[in-house]
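Notes follow the structure.
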Amino acid sequence: MTESQAVLFTIFGATGDLAKRKLYPSLFRLYKKGELADNFAVIGTARREWSDEFYRGVILDSIKDLMRSKTEAEAFASHFYYQSHDVGDASHYITLKELGEKLKTQYKTLGNQVFFLAMAPQFFGTIAEHLKSEGILTGEGFERIVIEKPFGTSYATAKALNDSLAKVFTEEQIFRIDHYLGKEMIQAVSAVRFANPIFESLWDNQHIDNVQITFAEFIGVEDRGGYYETSGALKDMIQNHVLQVLSLIAMEKPSKFDEAHIVEQKVKALKAIRQYSPSEALENFVRGQYISGKFDGEAYKAYREEDSVSPDSQTETFAAGKFVIDNERWAGVPFYVRSGKRMTEKGTRINIVFKKSEDNLFAGSCDEPVQNVLTIYIQPTEGFSLSVNGKAAGQGFHLDPLRLSFRHDSEFLGNSPEAYEKLFLDVLKGDGTNFSHWEEAARAWELIDVVRNAWDEQTSALPTYTARSMGPKEAFDLLARDGREWTWQPDVWYRDRGYFDK
Ligand SMILES: NC(=O)C1=CN([C@@H]2O[C@H](COP(=O)(O)OP(=O)(O)OC[C@H]3O[C@@H](n4cnc5c(N)ncnc54)[C@H](OP(=O)(O)O)[C@@H]3O)[C@@H](O)[C@H]2O)C=CC1
Ligand SMILES: O=C1O[C@H](COP(=O)(O)O)[C@@H](O)[C@H](O)[C@H]1O
């Protein structure tokens with residue numbers, strides 16, 4: 001049993017999808033592990049009129065798959081209280097404050113407070129201001145605010161949002177969620193790099209040819225067409241998750257493995273990424289939108305036919321690009337990234353592609369050696385592999401491409417903490433390492449804005465790709481132009497093109 005936390009959570013947007021699907025189950029997981037015990041309470045707020053009893057029923061429903069016993073689940077749910085609240089109405093904060101004070105005494109929460117804003121970003125500033133003006137922030141214990149993406153829609157809007165939060169909270173009190181940073185294997189990137197001298201010593205432009213980061217989803221836009229129409233793949237995935245991962249791979253070794261030192265190095269790496277001109281942005285970034293397609297006998301509709309999507313939508317459901325980093329370590333090493341919906345399969349992975357040997361001892365006498373590729377599998381499987389050349393067993397001398405591979409097994413995956421659970425615990429500990437900091441978000445927006453603006457100026461037709469494929473032709477051309485190719489495609493991609501299994 002770990003030492004449990006004394007804290008009052010206030011969840012804004014308590015009736016919403018995120019709260020039900022992610023927040024309540026994560027809090028319950030922490031409760032089951034003893035990270036939360038007697039001294040915590042949760043106030044859920046939203047406009048609709050719910051009773052505590054009804055709210056607790058919603059909580060029980062959201063954790064039904066995780067329950068070990070009804071008694072335990074009900075004991076957990078008894079810590080939840082509901083307060084109907086319109087975030088724009090100052091008088092509602094007075095009722096909220098009274099309830100908070102009562103619960104603080106009842107649960108001995110020591111004045112510690114965490115505010116979770118599971119709401120649309122346009123409300124963040126208002127909520128923060130009212131928390132201060134109505135005296136809900138007392139400075140008695142720790143006071144932290146957790147906010148969801150999207151953090152702005154451009155550099156300008158992100159800056160305005162940050163300025164409004166900064167009037168009330170310090171940067172150390174603000175936890176901007178990037179749920180990928182809570183994933184096991186993203187956190188493992190640093191372990192692979194810095195705990196293995198064999199990789200650390202090769203982590204530069206002398207040895208690495210290129211880096212490839214793929215965030216492929218097989219799902220379409222589902223029921224989020226309204227949001228996605230205003231976002232697109234570039235802002236939805238590349239601006240945040242992909243650039244976060246890229247900065248972890250590209251950063252210099254921090255002098256200490258803690259939040260301040262890691263963030264300092266990530267920010268430096270992001271700042272070293274070349275800021276493209278509009279024409280360079282067009283040369284180095286491609287986009288696409290999925291059209292209808294068939295995959296293994298199943299038909300998939302086009303993005304433009306999805307709910308809440310305009311029939312002549314110009315929103316990209318796929319984006320790929322080449323980032324270059326102007327520093328000593330990475331000069332000449334392209335970082336190719338791609339992310340899209342309705343791709344062949346779900347697969348998030350990082351491929352570090354090492355250089356070919358300049359001196360091929362086997363040239364002319366046998367097969368070309370394969371390039372060594374270190375793959376970090378983020379999901380759905382988690383693990384690493386390293387492709388190496390061996391000798392094919394038997395007579396004669398032939399090279400045999402081999403893969404040294406480690407994958408976590410399903411038991412480990414079943415028991416490992418979920419991203420939001422890890423992130424919640426980090427918030428309680430005050431550890432912001434796995435959150436996005438303002439300087440990171442700001443730089444990411446600067447890099448992305450130029451691509452977005454260049455695309456908005458473009459008059460040529462938006463490229464398309466068939467639903468359940470690996471993106472538009474342009475994404476393959478992007479690498480082919482540099483004499484390279486994506487080193488990972490799902491097996492079925494090769495199957496459909498008549499290649500043997502890679
Ligand atoms: N859902 C997800 O998987 C993800 C969501 N996010 C982000 O999280 C945030 C929440 O998303 P999601 O849960 O899906 O959204 P929902 O639309 O499901 O929920 C929004 C919540 O806000 C409440 N609300 C709306 N207006 C007000 C108001 N004026 N005063 C008080 N409460 C209000 C709604 O309740 P009521 O109508 O009762 O007031 C509801 O609880 C968004 O910023 C989204 O981008 C980010 C990543 C993933
Ligand atoms: O942030 C987002 O992430 C999800 C993908 O997350 P994953 O954990 O399921 O890989 C994506 O579907 C969504 O569009 C985006 O907003």
Side-chain angles (χ1 to χ4, degrees), residues 10-26 43-50 54-55 58 62 82-93 95-96 115-127 130 146-153 161 176-186 213-245 303 306 308 315-319 339-343 345-349 377-382 418-420 422-423 436:
T10 303
I11 297 181
F12 293 90
T15 59
D17 174 72
L18 181 73
K20 286 189 256 184
R21 278 194 314 107
K22 296 287 185 190
L23 308 191
Y24 305 142
S26 300
I43 303 177
T45 79
R47 285 167 307 179
R48 60 200 85 163
E49 304 277 348
W50 283 1
F54 185 84
Y55 185 41
V58 171
S62 72
Y82 186 79
Q83 178 68 54
S84 174
H85 176 101
D86 188 323
V87 295
D89 187 333
S91 67
H92 286 185
Y93 290 85
T95 335
L96 196 60
F115 304 94
F116 200 112
L117 275 41
M119 292 190 57
Q122 72 257 31
F123 296 116
F124 294 173
T126 313
I127 297 172
H130 280 107
V146 188
I147 51 188
E148 260 300 339
K149 62 169 283 206
F151 195 76
T153 53
L161 175 56
R176 297 176 198 80
I177 293 233
D178 181 314
H179 77 281
Y180 268 83
L181 296 182
K183 291 188 194 267
E184 184 67 31
M185 292 309 296
I186 298 285
I213 303 175
T214 300
F215 280 54
E217 294 188 82
F218 72 83
I219 57 167
V221 73
E222 313 256 277
D223 55 359
R224 295 174 69 222
Y227 152 75
Y228 203 80
E229 277 285 87
T230 65
S231 167
L234 186 71
K235 292 185 184 180
D236 188 45
M237 298 294 284
I238 310 277
Q239 185 275 338
N240 38 72
H241 309 313
V242 171
L243 277 169
Q244 277 290 340
V245 170
Y303 175 69
E306 304 274 16
S308 312
T315 303
E316 81 286 353
T317 56
F318 174 95
S339 178
K341 296 211 178 277
R342 275 281 183 259
M343 293 177 69
E345 66 178 42
K346 173 89 177 171
T348 311
R349 54 175 84 184
Y377 303 87
I378 311 297
Q379 59 184 16
T381 51
E382 298 184 1
E418 209 259 339
Y420 273 88
K422 282 193 191 197
L423 296 175
S436 168

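Counting starts at 1 for both ligands and their atoms, in listed order.
- Not a single heavy atom of G88 lies less than 4.0 angstrom from ligand 1.
- Remark: the E229 side chain and the Y303 side chain contain an N/O donor-acceptor pair separated by less than 3.5 Å.
- Less than 4.0 angstrom separates atom 39 (O) of ligand 1 from at least one non-hydrogen atom of the protein.
- For the residues E49, R47, K20, K149, the heavy atom positioned nearest atom 37 (O) of ligand 1 is part of R47.
- The nearest non-hydrogen atom to atom 36 (P) of ligand 1, considering only Q122, H179, R48, comes from R48.
- T45 and Q83 are not linked by any side-chain donor-acceptor pair at a separation below 3.5 angstrom, with hydrogens and angles left out of the test.
- With no hydrogens or angles considered, a side-chain donor-acceptor pair links D236 and Y227 at under 3.5 Å.
- Using bins of under 30°, 30° to 60° and over 60° for the plane-to-plane angle, the ring pair H85/Y93 lands in the perpendicular bin.
- Under the 4.5 Å side-chain criterion, counting only non-hydrogen atoms from C-beta, E148 is in contact with F116.
- For atom 43 (O) of ligand 1, the nearest non-hydrogen atom from the set R224, H85, E148, M119 belongs to M119.
- Closest heavy-atom approach to atom 16 (P) of ligand 1 among the candidates D17, D86, L23, I11: D17.
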List below, pair by pair, the N or O atoms of ligand 2 and of the protein that are less than 3.5 Å apart, including the distance to 0.1 Å; reply 'none' if no pair qualifies.
residue	atom	partner	partner atom	Å
ligand 2	1 (O)	K149	NZ	2.9
ligand 2	1 (O)	H241	NE2	2.8
ligand 2	6 (O)	H179	NE2	3.1
ligand 2	8 (O)	H179	NE2	2.8
ligand 2	8 (O)	K183	NZ	2.7
ligand 2	9 (O)	K346	NZ	3.3
ligand 2	10 (O)	Y180	OH	2.3
ligand 2	10 (O)	K346	NZ	2.6
ligand 2	10 (O)	Q379	NE2	2.6
ligand 2	12 (O)	E217	OE1	2.6
ligand 2	12 (O)	E217	OE2	3.3
ligand 2	12 (O)	K341	NZ	3.1
ligand 2	14 (O)	R224	NH1	3.0
ligand 2	14 (O)	D236	OD2	2.6
ligand 2	14 (O)	K341	NZ	2.9
ligand 2	16 (O)	K149	NZ	2.9
ligand 2	16 (O)	R224	NH2	3.3
ligand 2	16 (O)	D236	OD1	2.6
ligand 2	16 (O)	D236	OD2	3.4

